[in-house]
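Given the structure is predicted, the values throughout are model-derived calculations rather than measurements.
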Amino acid sequence: MLPAPSPLNRRHWLRRAGLLTAGAAATTAGWAQPGKPAASSRSLTVAQLVDFSEAQQDVSKDFLIGSRAAWQDINSRGGIRGRPVAHLALETDGTAASVRSALNEALANPSCLVLSGSVGDLLASQVAALSRQDGLNIAHAAPWLQNSSLEVDGKTFPIFAARQEQIAHALKNLSVMGVKVLGAVYASAREHAAYHLEVERIAASMQLQLQSFQGTGDVRLLGQKLTTGTPSVLLFVGGTPELAQFTQGLEKQARQRYIVALADVNLQTLLQMGAARNTPIIATQPVPMVNAALPVVRQYRETLARLFDEPPTPLSLAGFIAARYTFEVLGGIDAPLSRQSVLAGFQQRTSLNLGGFHIAFDARHRSGTYVTQSMMTLDGRLIG
């Protein structure tokens, strides 16, 4: 058994654990491995591009496990029309060259019908842009697309709420505080470069003044430098380890602040990593709570417990839902399955009820109004 993670080596540990778990699952299920042909000439291949760069592996590991659990369960029940589904997970390091290489590998596989559950956000945005730029004739289903500024074309099918909906949901519940000024904290220059224009647009649309802060190394130092003039509500843009460090830097601040974190942050992990508990943290998720009684959540918990030694998390639930959505659309196509017929099937953008998780696309080609939130209180409890 691998040792438990510490705050200093958690991302290295997650990389090892995630890859070992994913590899073992793929082997036992008979799924295709990266660079290998599909397990059977009768199999249908679903490709999933995954960003395992240092900044994204926290998100990608959980999301991938949820997707793997769903496809393994689907195969145990007969696959699609009696044909097994080869789940081809293609790991990238997040660079443009790596993403393009993985995408080319998926496209070169003649049995690959669809791209499903691209993760994380930057990778999903890259794949969507390449699809539009190169005129790819393949559906890009249920990506972890948090970018609310990206224009969605006719080949990308986002089913999760993006940042704008998440931020609006969190701030609506803080409106009783009369929030007029929002602080935006970027964990590093990378997050600032990728997201500051989008956050500025969202703040302007909500008529909020915005003050921005950017980390340049140890995010604890950024927390320590905040003054009494810093806004009381801070939007944190970054991952779980960085948020833990930031709260530790805030520990000795006299002013009470509230942190709004988005879907790439896991509050359970945040507690394990020793986050300071004198600052309430609100984290949004575009999926139901993992302890909800909805049928899709119950199915997810049962499947995860049966197949993986992993605790339920919102991100692995999202991966599970992404795979189930892809399966439902594939199963509803009347024509022989090919990339063209599958793309046409997704382009119908049919409304679906996945066991209580409703999917209904709007005029922007998005289905992203479902947002829940949890809160880490001053005494370390998780509410929601």
Salt bridge (Lys or Arg N to Asp or Glu O under 4.0 Å) assessment of E242 paired with R190: CA-CA 13 Å; E242 291 84 8; R190 182 174 187 263; over 6 Å; no
Test item: [X] side-chain N/O and [Y] main-chain N/O as donor-acceptor pair under 3.5 Å:
X: S67; Y: G319; answer: yes
X: T372; Y: V287; answer: yes
X: E198; Y: S148; answer: yes
X: D121; Y: N147; answer: yes
X: S351; Y: A360; answer: no
X: S101; Y: S98; answer: no
X: R257; Y: P280; answer: no
X: Q166; Y: A263; answer: yes
X: R339; Y: C112; answer: yes

Under 30°, 30 to 60°, or over 60°: which ring-plane class applies to [X] and [Y], parallel, tilted or perpendicular?
X: Y325; Y: F361; answer: tilted
X: Y370; Y: F357; answer: tilted
X: W71; Y: F327; answer: perpendicular

Is there a side-chain contact between [X] and [Y] in this structure, where contact means two heavy atoms from C-beta onward sitting under 4.5 Å apart?
X: I321; Y: F160; result: yes
X: L330; Y: L44; result: no
X: N137; Y: L343; result: yes
X: L171; Y: V233; result: yes
X: D51; Y: V119; result: no
X: F157; Y: V152; result: no
X: P312; Y: Y300; result: yes

In Å, rounded to the nearest 0.5 Å, how long is the span from [atom1] of [X] to [atom2] of [Y]?
X: L221; Y: Q248; atom1: CG; atom2: CD; result: 11.5 Å
X: L123; Y: T92; atom1: CG; atom2: OG1; result: 4.5 Å
X: L136; Y: L103; atom1: CG; atom2: CG; result: 5.5 Å
X: L294; Y: H358; atom1: CG; atom2: NE2; result: 8.0 Å
X: L250; Y: T279; atom1: CG; atom2: OG1; result: 5.0 Å

Going by an N to O cut-off under 4.0 Å, is there a salt bridge joining [X] and [Y]?
X: K61; Y: E91; answer: no
X: E302; Y: R298; answer: no
X: R100; Y: D134; answer: yes

Side chain to side chain donor-acceptor pair (under 3.5 Å) between R201 and S149, intermediate numbers included: CA-CA 9 Å; R201 180 188 61 78; S149 297; 3.2 Å; yes
Pair F236 + F246: ring centers closer than 6.0 Å: yes
ILVMFWY network linking V371 to I259, side-chain heavy atoms under 4.5 angstrom: no
